[in-house]
Structure formats: C-alpha cells, structure tokens
Chemist: 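Before I ask anything, let me first share the structure, which is written out below as structure tokens.
Please read these numbers as outputs of a predicted model, since none were measured by experiment.
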Amino acid sequence: MQGTPQEVDPADRWVLDPDTGQYRLDLNPRVPGPRAAPAAPLPSDPPPPGGRAARRRGAGAARSRRRRALKWTAGAAALVLVAGCGGALYLYEHFNHNITAVKVQLGDEAERPQPAGDAMNILVLGTDSREGLGSSYGDAGSTGHADTTLLFHIAKDRSNATVLSIPRDLMVSIPDCQSGDKRIPGEARAMFNTSLGQDGRDPGCSWKTVEKLTGIRVDHFVMVNFDAVKTLSTAVGGVEVCAAKDINDPDSHLRMTKGKHLVQGDEALAFVRTRHAVGLGGDLTRIPLQQQFLSSMIRAAKSGDTLTSPAKLWNLANAATKALTVDSGLNTVDHLKNLALDVSKVDTKHITFATVPVLDDPQDKNRLALKQPDAGRLFAMVAGDRSLTDAAAATSPAPQSPAAGPATAAPAPSASAAPVVDPGTVPVTVRNGTGTPGQAQQTVDRLRAAGFTRAATAANATATAASSIGYPAARAGQAAALAGALGLPETALKADPRAGAKDPLVVVLGKDATGAAAAATEPGAAPAEAPKDLQRVEADDAGLCAK
C-alpha cells in the first residue's frame, strides 16, 4: 500500500518542532486513511492554497527536498564524523536502537592521566573479528583483537585534529583490567593487539593500555569490525584511493592496477587489509594505506555530494549505527550528535594522521618497540594540545616548559640526537615530589608500558616545582630517551657526578608532572616541534598513492 510510514521519503519526515525551534525526524507520520497526509511545509515554503496546489506538488518535489537537505546541512544536524576504520553519521532517533554500547571499567581515577580540559581524545579500535563474515576474513577462531588502533585527538578550540596510529605489533605492558565480572591479569610484555580479545579483554583493557602507554587521557572509544569498512564505504558512494603500482595480494584478495580507483564493499576492505604486496610487506606498510583510505573517506563524508543527498545521509547513518560499538558515554544519538558537531568543525586540511615512532624490538626483530625520545615527544605534543598541521620536524631542542625552572649549568644530552636505546635495559627509580599521592606509581606504570620494564618507585622526595632526571655521566643517551618517554624538556636532565655507572636514573616528579591537564592549558608546556622523520598523512592530500 502506498503512503505507509515505511515508504515515506526520509526527507519528508524532517519537520519543525515548535517546542524547540529545531528540525527533527518524525518517524511516525500520521496516516489518515489509506493515504499519507502531505508533509508539513517548512517556514520558507508558501502555504498550500488548496487542492490544486497540492496536485501540483509533484513538479516541485525535488526542489523542496533539496531545500530541506540544505537546511539539514546548514544546521550540522545530520553529520557526525568519527574517523576510525571508517566514520559515522548519525542524528536520527530512529537509529538509537542500532547502537551497541559497552560499559568499561577503568579502575582508580587517581591512576589515570588528568583530563585535558576541553580537548577530546577518542580511541578507535578496528578488530579482526570475522563474526558473521564467513571464512574469507580474519583469523580463524579469533575473538577479535586490536588489529587497527587510532587515537583521535580533537583540539580544545576544534581548529585541528591529530590521529595517532598505534601499530598492532608494538610490544607494551598491558595493565590488569576488569571485563564485566572477570578480573584479567596484565602482562609485562605483550603485543598491543592482545589488549583486546585475548583472555576475554574488552575495549576497556585497550583503553587502559593506551592511557598508560601514552600518558594521554582517553574520553571515549569507538569499535568497528571488517563489515563496517564494507558498509560505510558503500554508504558514501565509494572511497577514492590510489596505487603507485599494480597490486596483486592473494592474502587480502586485492587486485588493483596502477592509478586511482573508487573502492567500496569487499574491495575497500581488501585495500585496508593489504600489506604483503606493497612496501616492505609488514604492518607499518599497511598503516599509511589505512590513513590514505580514512582521509579519503572523511573527504567523501564531508563532501557536498553526501551532505546534500538525503538518501546518502540516511544510508550512512543506518550503516554506521549498526556497525559501531561505543562506550556507555556515547550510547545515544544525542551524545553522538554533540560529538558530531565538535568533529565536523575541524577542516580536513587541519587533520593529520601520524604513526607512533617505532623501531625493531631489540628482543624480537618481528616485533616493534617505541622509538625514544621521538614517541615521548609526540605523546607530549598531543597531551599538550599541540597541532601537527603546522609543526615542523624537530631540528633543535624543544623549548623549556614554564614549570621546568631555570636551565641547569650542567651539560645535558640532546634528545633530538639521542642514540637508539633499549628501554628494557635501563634501571629507573621514580620519586614523587608533586605533593599528590600516587603520582610515582602512575609514572612507573606509564614507563613500563613504554618499555622501561625496570622502572620502580622509591621514597617520596621533597616537594618541588620542576621535574628532573638525574643520571650518571656515561648514561646520557638513556637519560635523553627517558625524558622523551615522559615528555620532559631537556632542561630537566641533570648529570649527577656522584652516581656510578651502574646506578639507576632517578626521576624526581615535580608539580609540573601532574598530568595532561596542565600541559593542555599552558601553551609552552608541550614540545612545539614534531619528531624528526615522523610518518604523517594530511587528510586533505588527495594525491597519495600506495607504494
């Protein structure tokens, strides 16, 4: 039967709410008798003069829908963009029931990094679960590990965003975590991707791992699976990608000739999964492909072709709400709408994707370890709300933090020129001089997650304003790497002439080390320059090609 609510065009369900003065989706339009009543006119439309005008509506229907679509776009009412293994567009109350939410348990608040003011950090987890996808994808029997992980930082003034890719093969310390009623013990040394799925770990376990690894406070998580890439790429009408050479990868099933292509569905999934036929054939080769794909998807989602098409908006919202799993803080369309308005303010030319600096793990060449001090510098920039859009690679020492006090007369090693250091061989003692209980243990946890597995706490120090690292003269390179891991300026490094060659490095935490909140509100408290040789992709660069 024509005119049923199921057959009403979505554009005709958008009506003015007289109570709020805003437009909302009416999913249950009144149907008097066998035919639906004409949609209520928008304030800009002239009132229907009668039956003949109603019969003439057919000729102007397209124009009317275009006006409505433009009103949706102008109000940013229909756009929510969260970049991960895909993106999301939601507003409609109709999709509330599609949203899957997980309540995460993060433990003692005092052990977490401090909130970063009005900045926002969203953890995006792409799992390799093949649930419901048959035998063509993922690892047989896998519960879904953290196959692709991005930390999406949105600046407090919404002028820019930084997206950090965390390699799945990175060796980290996974903390104890709680998944439902189950307490899951941590691991001192494990691949990052096992922070999800392994032994029943839920997204909260990955959340805790990222916070301890980076020292950056996470506000929300979004989790997607293989199917999300397929459905979202199709919903935006395809994602443009580029290959610098012919690609034939039997593992991902990607066959692609050199040049630009519009991919969606299975081909889009094959593109983001391929690694053996490009570059060096590892996970670090695949990450730039994923960054290229996500940048292009963001451009497609924010393009005029999508924003002015009610059908595309509807399809994208439907696909996204079914594809995503979120934390309980994002469990309604209302919450997602607010997130949308924040993210959609960021121009694509100010969104930067970057891979966390890594090197071969000294204990296993098939695994990765953080490259220090570069990784620590990058984490400190994000925690301090520093944009990577305009940040040049570091060519000189980072500026001194206002809280770090005057420079010491003792010569300090240059962090930017520090040699490669195996953090697992460095003994570190951490003393708390902040005046705030628990800071030493929190710092030790963070250092262990960064590979400094020999870090330990010691007795509290006298309260001090500035943090410092005391080191034996022969261990200057290790001290520089430690400073980078903690995001401390080079002026915090102090050679100790009384220390023996085998003595530990001694970290004394000052009041400038109480977390990311201070860094986010003090412009000089974070490095102003990006690490040298940082792998990055700008979201507005349409000329990227997979090599």
Side-chain angles (χ1 to χ4, degrees), residues 111 146 149 164 166-177 185-195 198 205-206 208-216 282-284 355-380 413 415-431 440-458 469-488 492-493 496 499-509 531:
E111 295 181 358
T149 303
L164 300 184
I166 302 175
R168 53 164 292 175
D169 296 336
L170 179 65
M171 300 305 293
V172 299
S173 174
I174 299 176
D176 296 348
C177 62
E187 295 182 68
R189 176 178 161 83
M191 283 176 57
F192 178 84
N193 76 326
T194 61
S195 67
Q198 194 81 6
C205 298
S206 296
K208 291 186 68 174
T209 301
V210 168
E211 287 193 339
K212 289 189 178 297
L213 175 70
T214 65
I216 299 169
D283 191 50
L284 291 180
T355 302
V356 171
V358 293
L359 42 71
D360 288 341
D361 179 31
Q363 300 181 44
D364 185 346
K365 296 302 182 184
N366 293 317
R367 299 291 178 256
L368 300 168
L370 290 180
K371 179 184 179 183
Q372 296 293 7
D374 293 7
R377 179 189 290 273
L378 181 61
F379 296 152
S416 60
V420 174
V421 170
D422 178 1
T425 66
V426 182
V428 180
T429 295
V430 181
R431 303 179 64 194
Q441 185 59 54
Q442 180 178 331
T443 300
V444 165
D445 289 342
R446 177 179 167 190
L447 286 173
R448 288 176 177 171
F452 290 86
T453 54
R454 298 180 64 187
T457 60
I469 298 176
Y471 64 93
R475 310 255 294 285
Q478 293 180 351
L482 181 61
L486 292 173
L488 293 176
L493 298 170
D496 184 355
K502 294 184 179 181
D503 287 343
L505 308 186
V506 179
V507 178
V508 177
L509 300 174

Chemist: Say you draw a straight line from CG of Asp176 to NZ of Lys208; how long is it, rounded to the nearest 0.5 Å?
Modeler: 6.5 Å

Chemist: What distance do Leu213 atom CG and Leu170 atom CG have between them, rounded to the nearest 0.5 Å?
Modeler: 6.0 Å

Chemist: Which heavy atom in Val172 sits nearest to a heavy atom in Phe192, and how many Å separate them?
Modeler: CG2-CA, 4.0 Å

Chemist: Got a donor-acceptor contact below 3.5 angstrom from the Lys212 side chain to the Ser173 backbone?
Modeler: no

Chemist: Evaluate side chain to side chain contact (heavy atoms under 4.5 Å, CB included) for Thr443 paired with Thr457, printing each intermediate quantity in order.
Modeler: CA-CA 9 Å; Thr443 300; Thr457 60; over 6 Å; no

Chemist: So which heavy atom on Leu368 is nearest to which on Pro167, and how close?
Modeler: CD1-CB, 3.7 Å

Chemist: Does the pair Asp169 and Asn366 meet the rule for a side chain to side chain contact (heavy atoms under 4.5 Å, CB included), with working shown?
Modeler: CA-CA 8 Å; Asp169 296 336; Asn366 293 317; over 6 Å; no

Chemist: Answer yes or no: is there a donor N or O on one side and an acceptor on the other, between the side chain of Arg446 and the main chain of Ala485, under 3.5 Å?
Modeler: yes

Chemist: Where the side chain of Gln441 meets the backbone of Asp445, is there a donor-acceptor pair that is under 3.5 Å apart?
Modeler: no

Chemist: How far apart are the closest heavy atoms of Arg431 and Ala458, and which atoms are they?
Modeler: CG-CB, 3.9 Å

Chemist: Contact between Thr453 and Pro423 at the side-chain level, heavy atoms closer than 4.5 Å - yes or no?
Modeler: no

Chemist: Taking atom CZ of Arg475 and atom CD1 of Ile469, what is their separation to the nearest 0.5 Å?
Modeler: 12.0 Å

Chemist: Check whether any side-chain heavy atom of Leu505 lies under 4.5 Å from a side-chain heavy atom of Thr429, and answer yes or no.
Modeler: no

Chemist: Are any of the side-chain nitrogens in Asp360 or Lys365 under 4.0 Å away from the carboxylate oxygens of its partner?
Modeler: no

Chemist: What is the minimum heavy-atom distance between Leu493 and Ala479, and which atoms define it?
Modeler: CD2-O, 3.4 Å

Chemist: With rounding to the nearest 0.5 Å, note down the distance linking CZ in Arg367 to CE in Met191.
Modeler: 4.5 Å

Chemist: Whether Arg377 and Asp374 form a salt bridge (side-chain N of Lys/Arg under 4.0 Å from carboxylate O of Asp/Glu) is what I want to check.
Modeler: no

Chemist: Can you name the closest pair of heavy atoms from Gln372 and Gly484 and give their distance?
Modeler: OE1-C, 3.7 Å

Chemist: Report yes if the side chains of Leu370 and Val356 come closer than 4.5 Å at any heavy-atom pair, otherwise no.
Modeler: yes

Chemist: Show your reasoning for whether side chain to side chain contact (heavy atoms under 4.5 Å, CB included) applies to Glu211 and Ile216.
Modeler: CA-CA 5 Å; Glu211 287 193 339; Ile216 299 169; over 6 Å; no

Chemist: Can you confirm whether Val506 sits close enough to Tyr471 that some side-chain heavy atom of one is under 4.5 Å from a side-chain heavy atom of the other?
Modeler: no

Chemist: Any non-hydrogen side-chain atom of Gln478 less than 4.5 Å from a side-chain atom of Pro472?
Modeler: no

Chemist: Please check this pair: side chain of Asp496 against backbone of Gly470, looking for a donor-acceptor N/O pair closer than 3.5 Å.
Modeler: no

Chemist: Does the Arg448 side chain pair with the main chain of Ala188, one donor and one acceptor, at a distance under 3.5 Å?
Modeler: no

Chemist: We want to know whether Ser206 and Ser195 form a side-chain donor-acceptor pair, criterion being a heavy-atom distance below 3.5 angstrom.
Modeler: yes

Chemist: Measure the CZ-CG distance between Arg168 and Leu284 for me, rounded to the nearest 0.5 Å.
Modeler: 11.5 Å

Chemist: Using 4.0 Å as the upper bound for N to carboxylate O, is an ion pair formed by Asp364 and Arg189?
Modeler: no

Chemist: Taking all heavy atoms of Val210 and all of Ile166, pick out the closest pair and write down the distance.
Modeler: CG2-CD1, 4.0 Å

Chemist: Is there a side-chain contact between Leu378 and Pro531, using heavy atoms and a 4.5 Å cut-off?
Modeler: yes

